Amino acid sequence: MTKAEKSTREVIVAAAEKLFYAEGIRAVSVDAVAEAAGVTKRTLYYHFDSKDALIAAYLESRDQPNLKLFRKWFDAGDGDLADRVEAIFVNLARAARHPKWKGCGFLRTSAELANMPGHPAIRIGAAHKKKFEAWMAETFAEASAAEPAMLAKQILLLLDGSFAVVLLHRDASYMETAGKAAATLVRVALAGANGKGS
């Protein structure tokens, strides 16, 4: 889809996504987004009544594509369930080695808005993480893993913890290590479930 074929709103969100992810939401002004989108500030405010609404739209635009990418990595992973969970981390580590990688947009935004817990972007970020957790819990339940909901929370903690540590150290091997820990947890949970039936 060319820029001309996209709606004005989509063009603005795409410009905001690029700038907010690269520089952070506080560092980027509405003027900068309007300029990058090739629209006037008035046009931007016609589509978004505030910068907060634009920040929320930025995170909404990342929600489904990110979840879809995690599923793609999981589905393409070789081996058993534990290996496929680890594949998510391995692929994230690969992405984290790219010079333009800036971590998890949802976590970075929540950190910038830490003193604004009611901000719509915080709710969107929390819902995104819950969707990942629910998908993992459902996957583990289908595989008859022991305590699937708890296991899903553990995987999410490893995922988000690795985002934070890799961003701090700029060392993607931490993400790969988290992936190995996730695979171990999955194997233990599967073995625990199998042990109950014996």
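Since we're looking at a predicted model, the values are computed, not measured.
- Salt bridge present: R187 and D83 bring a charged side-chain N and a carboxylate O closer than 4.0 Å.
- Rounding to the nearest 0.5 angstrom, the gap separating the OG1 atom in T43 from the NZ atom in K41 is 12.5 Å.
- Contact between R9 and A57 at its shortest, heavy atoms only, is NH2-CB, 4.2 Å.
- You'll find the side chain of V13 stays beyond 4.5 Å of the side chain of H47, heavy atoms only.
- R84 contributes no side-chain N or O that, together with a main-chain N or O of D78, makes up a donor-acceptor pair within less than 3.5 Å.
- Once rounded to the nearest 0.5 Å, the distance linking CD1 of I124 with CZ of F106 reads 8.5 Å.
- Between atom CG of residue L185 and atom CD of residue E147 there is a gap of 11.5 Å, rounded to the nearest 0.5 Å.
- Under the side chain to side chain donor-acceptor pair (under 3.5 Å) criterion, S173 pairs with D171, not counting sequence neighbours.
- Rounded to the nearest 0.5 angstrom, K72 NZ and L67 CG are separated by 14.5 Å.
- Atom CG of residue D63 and atom NZ of residue K68 lie 12.5 Å apart, to the nearest 0.5 angstrom.
- When all heavy atoms of L113 and A121 are compared, the pair lying nearest together is CD1-CB, 3.8 Å.
- For W135, the ring pair (Phe, Tyr, Trp, His ring centres under 6.0 Å) criterion is met by F74, F132, not counting sequence neighbours.
- For D75, the CG atom counts as densely surrounded, since its 6.0 Å shell holds more than 12 non-hydrogen atoms of other residues, nucleotides or ligands.
- Under the rule for a ring pair (Phe, Tyr, Trp, His ring centres under 6.0 Å), F48 has no partner lying at least two apart in sequence or in another chain.
- Put simply, the side chain of T40 does not reach to within 4.5 Å of the side chain of L44, judged on heavy atoms.
- Minimum interatomic distance between A183 and E86 (heavy atoms only, all atoms of both residues): CB-OE1, 3.6 Å.
- A heavy-atom distance below 4.5 Å is found between the side chains of V30 and Y45.
- Within 6.0 Å of the CZ atom in R42, the count of heavy atoms belonging to other residues, nucleotides or ligands does not exceed 12.
- When all heavy atoms of A172 and A96 are compared, the closest pair comes out as CB-CB, 4.1 Å.
- Looking at S61, its side chain does come within 3.5 Å of a backbone N or O of Y58 through a donor-acceptor pair.
- For the pair A114 and P117, the tightest heavy-atom approach, listed with the atom from each and the gap, is O-CD, 4.2 Å.
- Looking only at side-chain heavy atoms (C-beta outward), T109 and F20 stay at 4.5 Å or farther from each other.
- Residue pairs meeting the salt bridge (charged side-chain N to carboxylate O under 4.0 Å, His left out) criterion with at least one member in residues 88-113, sequence neighbours excluded: R97-E176.
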Let me check something: any side-chain donor-acceptor pairs from residues 149-168 under 3.5 Å, sequence neighbours excluded? List them with distances.
residue : atom : partner : partner atom : Å
D160    : OD1  : K129    : NZ           : 2.8
S162    : OG   : L158    : O            : 3.2
S162    : OG   : L159    : O            : 2.7

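- Applying the ring pair (Phe, Tyr, Trp, His ring centres under 6.0 Å) test to Y21 and every residue at least two apart in sequence or in another chain returns nothing.
- Inter-residue side-chain proximity for Q64 and K131 is flagged as met; some heavy-atom pair is nearer than 4.5 Å.
- Counting heavy atoms from C-beta outward, N66 and H128 have side chains that approach closer than 4.5 Å.
- Inter-residue side-chain proximity for Y46 and T8 is flagged as unmet; no heavy-atom pair is nearer than 4.5 Å.
- I122 places a side-chain heavy atom less than 4.5 Å from the side chain of S110.
- Using a distance-only test at 3.5 Å, with no hydrogens or angles considered, a donor-acceptor pair links the side chain of K51 to the main chain of I25.
- To the nearest 0.5 angstrom, F70 atom CZ is 10.0 Å from N91 atom CG.
- At most 12 heavy atoms of other shown residues, nucleotides or ligands fall within 6.0 angstrom of atom NZ in K18.
- Two different hydrophobic clusters hold L69 and V90 under the rule that ILVMFWY side chains link at heavy-atom gaps under 4.5 Å.
- The two atoms that bring A32 and L19 nearest to each other are O-CD1, 3.6 Å, heavy atoms only.
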